[in-house]
Asker: 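One structure is given below, represented as structure tokens, and several questions about it will come after.
Quick caveat, the model's predicted, so the values are computed rather than measured. Residue numbering restarts at 1 for every chain, and letters A, B, ... go by the order of the sequence lines.
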There are 2 protein chains.
Amino acid sequence: MSRKEQIIKTALEMMRKLGYQGTSMREIASALQIEAASLYNHIESKEEILKETCFQLAAAFQSGIREVNDIYFNAGEKLAMAVRNHIAILTGNLDASFVFIHEWRNLSEPHLKEFIALRDAYENEFRLILEQGEEEGVFNEVNNKFAVLTILSSMNWVVEWYKPKGEMSPQEIAGKLTEFILTGLRKDKM
Amino acid sequence: MSRKEQIIKTALEMMRKLGYQGTSMREIASALQIEAASLYNHIESKEEILKETCFQLAAAFQSGIREVNDIYFNAGEKLAMAVRNHIAILTGNLDASFVFIHEWRNLSEPHLKEFIALRDAYENEFRLILEQGEEEGVFNEVNNKFAVLTILSSMNWVVEWYKPKGEMSPQEIAGKLTEFILTGLRKDKM
DNA sequence: CCTACCGATCGGTAGG
DNA sequence: CCTACCGATCGGTAGG
């Protein structure tokens with residue numbers, strides 16, 4: 001791991017606990033047992049940490065959903081795989097994901113606008129899956145914008161409680177979520 | 001509106017945009033056209049703003065769910081009414097709700113622990129509804145802890161995109177959400 | 001509600 | 001990677 005990667009990893013751990021604004025460069029440096037000034041030999045600025053994190057994750061999510069929309073066939077499969085990819089990225093990069101979800105608002109322009117555009121593009125890829133499901137006659141006609149936001153929120157909330165050593169694996173979480181999204185709580189009348 | 005209420009209202013508007021830590025007492029004062037020092041004649045500290053906001057909203061959510069669990073009868077009705085109450089509180093106090101959801105982590109002890117206890121109690125009241133639904137045979141047997149978190153996340157996400165003058169009213173949002181929670185996306189086989 | 005001020009801390013740079 | 005330092009800003013208090 002390069003020094004830069006070490007710095008970012010340490011910073012993300014601290015930002016998860018204390019927030020972006022609540023984490024000082026001095027504290028990050030101290031955790032690495034160097035002086036604050038030394039950080040700047042490896043990174044440009046505090047914001048670079050946030051920027052790299054947000055954009056790297058956004059790229060991962062994009063490539064996850066593109067793969068799904070390119071390869072799989074029916075909407076049910078696509079949805080399951082999209083959820084699975086999303087949860088895999090979140091749980092595989094917990095600190096980064098937490099910061100991504102909670103702190104992106106601290107990006108300055110023009111990065112903020114760019115980031116929002118990426119997020120909107122991701123939502124749009126998800127929406128395509130729902131539309132396909134309607135065309136196939138397997139999904140209800142719903143307000144798709146609303147449904148996508150609801151689905152994304154329930155996936156993203158996983159970073160709040162997921163524990164790598166907890167009782168549910170990422171695959172199990174993805175499976176439960178997909179089931180919930182598809183069938184809801186109501187018991188089928190038989 | 002008392003001066004204190006004015007200060008809190010202004011502070012919440014700013015904190016929604018800039019975050020709790022990103023909002024300074026001087027900026028709040030400036031928006032009210034007074035000096036920062038003058039704020040302290042009306043409030044004890046910056047944290048008091050966050051504390052009052054978080055605990056007042058927590059109390060509102062509690063009383064909303066208690067009412068539901070005390071009055072209504074079947075689980076389906078309870079769920080619908082609980083969602084409706086939750087969305088009504090969120091949309092009726094948008095700035096406060098946004099700060100409540102995003103900034104509670106900035107509470108210092110012992111308030112933080114207290115707040116988490118209130119949040120857990122709220123989750124628990126929700127879980128009772130799901131359990132009742134299972135007993136009545138109308139809800140599927142699911143992982144209730146998981147289901148409650150998913151439901152809460154989809155409700156809370158509403159503060160991210162809700163616009164008072166948008167196309168959906170709070171009641172419509174609550175209705176759509178309840179429908180989604182109960183039946184999901186999958187079309188019934190007929 | 002203000003002036004005047006406190007100690008602490010911030011992100012970051014110069015120069016080695 | 002460090003020492004030494006910059007200007008700016010922070011939450012908050014004393015005293016009127």
Asker: So if I take every side-chain heavy atom of A:Met25 and compare against C:dG11, C:dC5, D:dT3, which nucleotide ends up nearest?
Answerer: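 For A:Met25, the side-chain atoms sit closest to C:dG11.
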
Asker: Go through C:dC2, D:dG11, D:dC1 for me and flag the one nearest to the B:Ala37 side chain.
Answerer: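 Of all the options, the side chain of B:Ala37 is nearest to C:dC2.
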
Asker: Let me know the distance between CD1 of B:Ile28 and P of D:dT9, rounded to the nearest Å.
Answerer: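 My rounded result for the distance is 16 Å.
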
Asker: So, A:Phe180 versus B:Phe180, ring centres under 6.0 angstrom or not?
Answerer: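 Between B:Phe180 and A:Phe180, which both carry aromatic rings, the centre distance is not below 6.0 Å.
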
Asker: Looking at side-chain heavy atoms only, is the closest gap between B:Ile116 and B:Trp104 below 4.5 Å?
Answerer: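 Heavy-atom side-chain distance check passes, below 4.5 Å.
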
Asker: Write down the distance between NE2 (B:His42) and P (D:dG12), rounded to a whole number of angstrom.
Answerer: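 About 16 Å, once rounded to whole Å.
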
Asker: Quick one: A:Glu48 CD to C:dG12 C1', roughly how many Å, whole number?
Answerer: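 Atom-to-atom, A:Glu48 to C:dG12, this comes out as 14 Å.
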
Asker: Looking at B:Lys4 and B:Glu52, does any basic side-chain N land under 4.0 Å from a carboxylate oxygen?
Answerer: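 Salt bridge: yes.
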
Asker: State plainly whether the residues B:Glu13 and B:Lys17 are in salt-bridge range, i.e. N to O under 4.0 Å.
Answerer: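 The answer is no: the pair does not qualify as a salt bridge.
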
Asker: Would you kindly give the CD-to-P distance between A:Gln21 and D:dT9, to the nearest whole Å?
Answerer: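 Rounding to the nearest Å, CD of A:Gln21 and P of D:dT9 are 15 Å apart.
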
Asker: Once the angle between the rings of B:Phe100 and B:Phe61 is folded into 0 to 90°, is it parallel (under 30°), tilted (30 to 60°) or perpendicular (over 60°)?
Answerer: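 Because their plane-to-plane angle lies in the 30° to 60° range, the rings of B:Phe100 and B:Phe61 count as tilted.
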
Asker: Using whole Å, what does the distance between atom P of nucleotide D:dC2 and atom OH of A:Tyr40 come to?
Answerer: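 A:Tyr40 atom OH is separated from D:dC2 atom P by 14 Å.
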
Asker: Once you round it to whole Å, what is the distance between C1' of D:dT13 and CD of B:Glu35?
Answerer: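 Value for this atom pair: 15 Å.
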
Asker: Could you say whether A:Ala36 or B:Gly22 is positioned toward the 5' end of DNA chain D, judged by the nucleotide with the nearest heavy atom to each?
Answerer: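 The residue mapped nearer the 5' terminus is A:Ala36.
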
Asker: Using a 3.5 Å limit on both pairing distances, list the dot-bracket string of DNA chain C from the 5' end; Watson-Crick and G-U wobble pairs count, crossing pairs take [ ], interstrand pairs take |.
Answerer: ||||||||||||||||

Asker: Any carboxylate oxygen within less than 4.0 angstrom of a Lys/Arg side-chain nitrogen, looking at A:Glu103 and A:Lys51?
Answerer: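 Answer for the salt bridge query: no.
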
Asker: Would you indicate which nucleotide in D:dG11, C:dC10, C:dC2 comes nearest to any side-chain atom of A:Glu27?
Answerer: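 Between D:dG11, C:dC10, C:dC2, the one nearest the side chain of A:Glu27 would be C:dC10.
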
Asker: Give a yes/no answer on whether the side chain of B:Ser24 brings an N or O atom under 4.0 Å of OP1 or OP2 in D:dC10.
Answerer: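 Yes, such a contact exists.
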
Asker: Is a salt bridge present between B:Glu109 and B:Lys113, judged by a nitrogen-to-oxygen distance below 4.0 Å?
Answerer: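 Counted as a salt bridge, because a side-chain N and a carboxylate O are separated by less than 4.0 Å.
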
Asker: If you check every side-chain atom of A:Arg26, which of C:dT3, C:dG12, D:dT3 has the closest atom?
Answerer: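 That would be C:dG12.
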
Asker: For DNA chain C, determine which residues of residues 2-18 of chain A have any heavy atom closer than 4.0 angstrom to one of its atoms, and list them numerically.
Answerer: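 Per residue number, the list is empty: none.
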
Asker: From the options A:Thr53, A:Leu57, A:Val158, select the one residue that forms a side chain to side chain contact (heavy atoms under 4.5 Å, CB included) with A:Ser97.
Answerer: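 Exactly one candidate clears the test, A:Leu57.
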
Asker: Over 60° means perpendicular and under 30° means parallel, so classify the ring planes of A:His102 and A:Phe98, tilted if in between.
Answerer: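 A:Phe98 and A:His102: parallel rings.
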
Asker: Which nucleotide wins on minimum distance to the side chain of B:Ile34, given the candidates C:dG11, D:dC2, C:dC1?
Answerer: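 Per side-chain heavy atoms of B:Ile34, the pick is C:dC1.
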
Asker: Between B:Arg119 and B:Glu114 (salt bridge meaning N to carboxylate O under 4.0 Å), is one present in this structure?
Answerer: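 Looking at B:Arg119 and B:Glu114, the cut-off is not met.
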
Asker: Of the options C:dC2, D:dC2, C:dG12, whose atoms approach the side-chain atoms of A:Lys46 most closely?
Answerer: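 Taking heavy atoms from C-beta onward, the closest nucleotide is C:dG12.
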
Asker: Atom OH of A:Tyr20 to atom C1' of C:dC10: distance rounded to whole Å?
Answerer: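 After rounding, the gap between these two atoms is 12 Å.
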
Asker: Please report the distance, rounded to the nearest Å, between CG in A:Leu39 and P in D:dC2.
Answerer: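 Rounding to the nearest Å, CG of A:Leu39 and P of D:dC2 are 9 Å apart.
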
